[in-house]
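Contents: one structure, followed by commentary.
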Amino acid sequence: MTAQIIDGKAFAATVREKVAGHVARLKEEHGITPGLAVVLVGEDPASQVYVRSKGKQTVETGMNSYEHKLDASTPEDELLALIDKLNNDPAVHGILVQLPLPGHLNEDLVINSIDPAKDVDGFHISNVGLLGTGQKSMVPCTPLGCLMMLREYHGSLSGMDAVVIGRSNIVGKPMAQLLLGDSCTVTIAHSRTKDLPEVVRRADIVVAAVGRPEMVPGEWIKEGATVIDVGINRIERDGKNVLVGDVDFPSCAERAGAITPVPGGVGPMTIACLLANTVTACCRANGLSEPEGLTA
Ligand code: NAD
């Protein structure tokens with residue numbers, strides 16, 4: 001079998017179009033412009049690239065983007081004061097604090113100081129609890145993007161066997177919750193899992209979120225399974241810097257029914273879902289009906 005490629009770049013463009021349509025309606029019908037505030041502390045080069053890209057796409061979809069760049073040595077109380085100000089600013093519907101934070105800042109404390117209704121990353125402990133109990137929440141962007149692609153490809157996921165490799169708070173665990181919410185039978189595998197190849201072989205859906213280049217070979221994949229590769233790993237190959245995922249794309253594409261590429265799969269969907277979450281947060285804040293197809 002040769003897998004169908006799930007084109008995350010193209011799908012992200014359709015999500016952004018939907019977001020832009022909702023933003024235009026919010027402006028025309030209600031005089032509201034959704035606003036996203038992004039806080040960057042320090043000069044981490046990868047974070048700077050992400051923040052720029054988020055700001056650009058926010059503006060392109062018609063929303064307001066507020067960037068707050070703070071010095072790497074910013075004291076915690078100063079950062080918390082900024083978050084408090086943004087929590088109370090009616091023009092700001094979404095707040096994102098770019099991670100990782102410099103070592104002297106307590107990430108949990110900072111994330112949990114964001115108003116859960118504005119927590120467009122879905123990392124606040126309240127949103128984690130709401131998601132875990134199947135209630136309306138803000139859903140972390142990367143797993144939301146994976147879920148959207150799976151729903152688009154399969155329609156219903158009900159009854160499918162899903163294996164999520166990786167148990168991080170930002171990808172693995174919320175991904176598993178979302179798949180459970182869509183009635184999959186879910187296994188979370190991690191670094192201590194016994195016989196990972198056998199666990200993966202059972203899966204109709206494999207989501208790899210490990211951070212190890214090309215760790216999953218094609219021989220682990222059940223014939224016809226859907227493979228979602230979250231990994232972003234920069235490696236050197238033939239003297240060049242290249243991006244690869246957590247699955248060995250060529251051999252997995254031989255066995256899978258469908259697969260996301262790296263780059264061009266999950267990555268573009270993550271920012272698209274951040275924009276979607278901002279519109280959702282804005283609608284909820286104003287007591288308006290939520291945009292269809294942009295939430296979990
Ligand atoms: P993490 O380091 O927080 O978690 C990795 C998980 O992998 C851990 O739970 C660990 O138990 C598991 N693991 C490690 N070695 C393993 C092994 N040998 N077998 C099975 N499981 C193993 O990473 P994360 O933040 O969840 O990110 C995972 C990957 O996804 C990274 O490559 C990251 O860059 C990428 N990522 C991509 C996006 C995107 O937008 N595409 C977003 C977030 C993360």
Side-chain angles (χ1 to χ4, degrees), residues 5-13 15-16 38 44-47 49-54 57 96-101 107-108 111 120-123 128 131 138-150 162-179 186-203 206-217 219-221 227-235 241-249 252 259-277:
I5 305 299
I6 301 177
D7 185 345
K9 204 172 161 196
F11 192 38
V15 172
R16 283 197 302 273
V38 177
D44 178 68
S47 295
V49 173
Y50 289 137
V51 166
R52 243 196 323 274
S53 185
K54 285 167 186 172
Q57 293 190 32
L96 180 148
V97 176
Q98 184 65 43
L99 302 178
L101 290 171
E107 267 182 19
D108 288 339
I111 295 303
V120 280
D121 251 344
F123 297 160
V128 175
L131 178 62
M138 295 308 304
V139 177
C141 304
T142 300
L144 178 58
C146 296
L147 183 76
M148 281 186 187
M149 288 192 286
L150 284 167
V163 170
V164 180
I165 317 176
R167 56 176 161 182
S168 73
N169 290 337
I170 64 167
V171 189
K173 284 182 198 156
M175 186 74 247
Q177 296 285 4
L178 289 172
L179 291 166
V186 183
T187 304
I188 306 180
H190 47 79
S191 52
R192 303 295 174 88
T193 296
K194 283 187 206 152
D195 203 353
L196 183 61
E198 211 34 57
V199 172
V200 175
R201 255 179 222 122
R202 290 201 299 265
V206 179
V207 180
V210 185
R212 290 181 177 242
E214 301 171 328
M215 182 190 114
V216 178
E219 67 205 42
W220 294 9
I221 302 297
V227 177
I228 304 290
D229 192 352
V230 181
I232 301 177
N233 308 289
R234 212 169 282 278
I235 62 163
N241 275 326
V242 291
L243 278 189
V244 297
D246 288 342
V247 312
D248 177 53
F249 185 83
C252 287
I259 188 167
T260 58
V262 176
V266 175
M269 283 299 288
T270 297
I271 298 188
C273 286
L274 172 69
L275 306 174
N277 277 349

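Atoms within a ligand are numbered from 1 in the order they appear, just like the ligands themselves. Because the structure is predicted, anything quoted here is derived from the model rather than measured.
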Report task. List the steps and the verdict of side chain to side chain contact (heavy atoms under 4.5 Å, CB included) for Ile221 and Val200. Result -> CA-CA 6 Å; Ile221 302 297; Val200 175; 4.1 Å; yes

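Between Met149 and Val266 there is a side-chain heavy-atom pair separated by less than 4.5 Å.
Listed by chain and number, residues touching ligand 1 at under 4.0 Å (heavy atoms only) are Thr142, Ile165, Gly166, Arg167, Ser168, Ile170, Val171, His190, Ser191, Leu196, Ala209, Val210, Gly211, Arg212, Met215, Val230, Gly231, Ile232, Asn233, Val266, Gly267, Thr270.
Scanning all heavy atoms of the two residues, the minimum distance from Val163 to Ala189 falls at CG1-CB, 4.4 Å. Nearest heavy atoms, Val171 versus Ala209: CG1-CB, 3.6 Å.
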Please report, to 0.1 Å, the donor-acceptor pairs under 3.5 Å made by any side chain of residues 140-147, with sequence neighbours excluded.
residue	atom	partner	partner atom	Å
Thr142	OG1	Thr270	OG1	3.1

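Expressed to the nearest 0.5 Å, how far CE of Met148 lies from CE of Met269 amounts to 5.5 Å.
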